[in-house]
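Beneath this line is the structure, given in structure tokens, with notes to follow.
Just so you know, these numbers use all the heavy atoms, side chains as well, and skip hydrogens, waters and symmetry mates.
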Amino acid sequence: MPLGAQGPSEKFRLGRVIGNAAAFLRRNAIFSIAAGTLFFALPLALINLSTRYWPTLAFHLGAIGSGPWPMSVNLGFSMASGLIGAVPNLVGQAVLSKAAAGEINGNRPSVASCVQTALQHIFPVLGIGYTIYLVVFVARSGSAAVELSYSPQAGGLVFLLLIVPCIVWGVAISVAVPVSVAEGLGTVASMSRSRDLTKGYRWWIFGLISVVVIGLLLGLRLATELGLTFVSLQSLSPLAIVLLTFQGAMVSAIIWTVLSIILATTYAELRQVKEGPGADELAEIFS
């Protein structure tokens with residue numbers, strides 16, 4: 001029986017969103033682990049390793065200390081690593097969006113079809129992801145510049161003033177990637193469509209995302225800390241450092257995998273609440 005085949009609803013139900021996500025994870029555990037490892041864990045591990053060895057390269061480039069040159073080089077590296085690392089992450093979110101939302105309507109996901117659909121919509125999805133990344137990057141860079149020029153307190157205040165609107169805007173466009181994958185819309189149209197769908201339910205969505213991310217982060221962090229209780233980081237071999245870096249990437253990968261599925265089931269719930277699509281219509285949309 002399709003997970004979401006309960007007919008149109010007039011109320012947004014968090015329980016149904018979480019239930020659909022949990023059902024997808026239970027039925028497609030291997031698929032989720034494979035997607036999380038390939039599109040999230042491995043790229044994040046490589047980015048983390050490059051960041052670990054960046055100070056050595058920065059020293060050879062003369063980008064140590066303060067001044068226009070070091071700031072420009074470090075900002076450039078930070079932006080470049082973020083933009084490059086975002087590509088597989090966004091493809092992974094698109095793959096999981098296709099799989100999770102299709103499962104809700106009873107379509108068993110296949111790796112080939114999900115990857116094919118994700119690649120067909122890669123440019124709008126990248127546009128959405130890069131827009132979000134650049135907005136957050138500007139907010140962080142602006143607060144960092146104020147902190148360096150004035151004081152940490154001033155930098156923190158500017159960060160709060162900038163990040164709060166970013167969060168509000170981010171919640172409004174939180175289902176833009178599933179929209180793009182499902183409806184074939186472009187970057188701007190997908191974000192506009194997401195704002196329309198989330199209108200009236202953004203506090204619920206913000207609470208859901210916060211609980212999922214904070215809960216997973218605390219649980220996984222606790223597990224990681226327990227595993228490192230008796231480990232001396234100074235005595236670790238290069239291989240052990242690589243393994244620990246991959247472990248940290250796996251923590252982030254689990255969060256992003258679950259969050260991608262949650263956003264896909266949220267999109268399906270919003271469609272059902274606001275438009276009440278039939279099973280045949282959703283099957284056509286996600287085919």
Starting at [atom1] of [X], measure out to [atom2] of [Y] and round the result to the nearest 0.5 Å.
{"X": "T257", "Y": "I33", "atom1": "OG1", "atom2": "CD1", "answer": "9.5 Å"}
{"X": "L96", "Y": "N28", "atom1": "CG", "atom2": "CG", "answer": "10.0 Å"}
{"X": "L25", "Y": "S32", "atom1": "CG", "atom2": "OG", "answer": "5.0 Å"}
{"X": "L259", "Y": "Q93", "atom1": "CG", "atom2": "CD", "answer": "7.0 Å"}
{"X": "I209", "Y": "L263", "atom1": "CD1", "atom2": "CG", "answer": "5.0 Å"}
{"X": "L42", "Y": "I47", "atom1": "CG", "atom2": "CD1", "answer": "12.0 Å"}

Which atom of [X] lies closest to which atom of [Y], heavy atoms considered:
{"X": "G92", "Y": "F40", "result": "C-CZ, 3.9 Å"}
{"X": "Y267", "Y": "A182", "result": "OH-CB, 3.5 Å"}
{"X": "I84", "Y": "P88", "result": "O-CD, 3.5 Å"}
{"X": "I261", "Y": "A100", "result": "CG2-CB, 4.1 Å"}
{"X": "A139", "Y": "L162", "result": "O-CD1, 3.6 Å"}
{"X": "I262", "Y": "V17", "result": "O-CG1, 4.0 Å"}

Only one of V175, L185, V177 passes side chain to side chain contact (heavy atoms under 4.5 Å, CB included) with S190; say which it is. L185
Is the closest side-chain heavy-atom distance between [X] and [Y] below 4.5 Å?
{"X": "V273", "Y": "L197", "result": "no"}
{"X": "F24", "Y": "F31", "result": "yes"}
{"X": "M191", "Y": "R195", "result": "yes"}

Report yes or no: do [X] and [Y] belong to one cluster of Ile/Leu/Val/Met/Phe/Trp/Tyr joined by side chain heavy-atom distances under 4.5 Å?
{"X": "V111", "Y": "I30", "result": "no"}
{"X": "I167", "Y": "L208", "result": "yes"}
{"X": "L160", "Y": "Y150", "result": "no"}

Could you list the donor-acceptor pairs under 3.5 angstrom formed between side-chain atoms of residues 118-137 and any protein atom two or more places apart in sequence or on another chain?
residue : atom : partner : partner atom : Å
H121    : ND1  : T117    : O            : 2.8
Y130    : OH   : L83     : O            : 2.9
T131    : OG1  : G127    : O            : 2.6
Y133    : OH   : S78     : O            : 3.0

Verify, without hydrogens or angle tests, whether [X] (side chain) and [Y] (backbone) share a donor-acceptor contact under 3.5 angstrom.
{"X": "S174", "Y": "V171", "result": "yes"}
{"X": "S81", "Y": "F77", "result": "yes"}
{"X": "S192", "Y": "V188", "result": "no"}
{"X": "S97", "Y": "A264", "result": "no"}
{"X": "K274", "Y": "E269", "result": "no"}

Looking at residues at least two apart in the chain, or sitting in another chain, which of them share a side-chain hydrogen bond (donor to acceptor under 3.5 Å, both in side chains) with [X]?
{"X": "R193", "value": "E183, E275"}
{"X": "T198", "value": "R202"}
{"X": "S113", "value": "S110"}

Is the count of non-hydrogen atoms from other residues, nucleotides or ligands lying under 6.0 Å from W204 atom CH2 greater than 12? no
Aromatic ring pairing F12/Y201, orientation class (parallel under 30°, perpendicular over 60°, tilted between):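 Geometry flag for Y201 against F12: tilted rings.
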Among residues at least two apart in sequence or on other chains, which ones pass ring-ring contact (aromatic ring centres under 6.0 Å, His included) with F159? none
Candidate pair V213 and V258, rule side chain to side chain contact (heavy atoms under 4.5 Å, CB included), full reasoning: CA-CA 9 Å; V213 172; V258 175; over 6 Å; no
Which other residues end up in the same hydrophobic cluster as L161, if Ile, Leu, Val, Met, Phe, Trp and Tyr are linked when side-chain heavy atoms come under 4.5 Å apart?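 Noted: L161 shares its cluster with L157.
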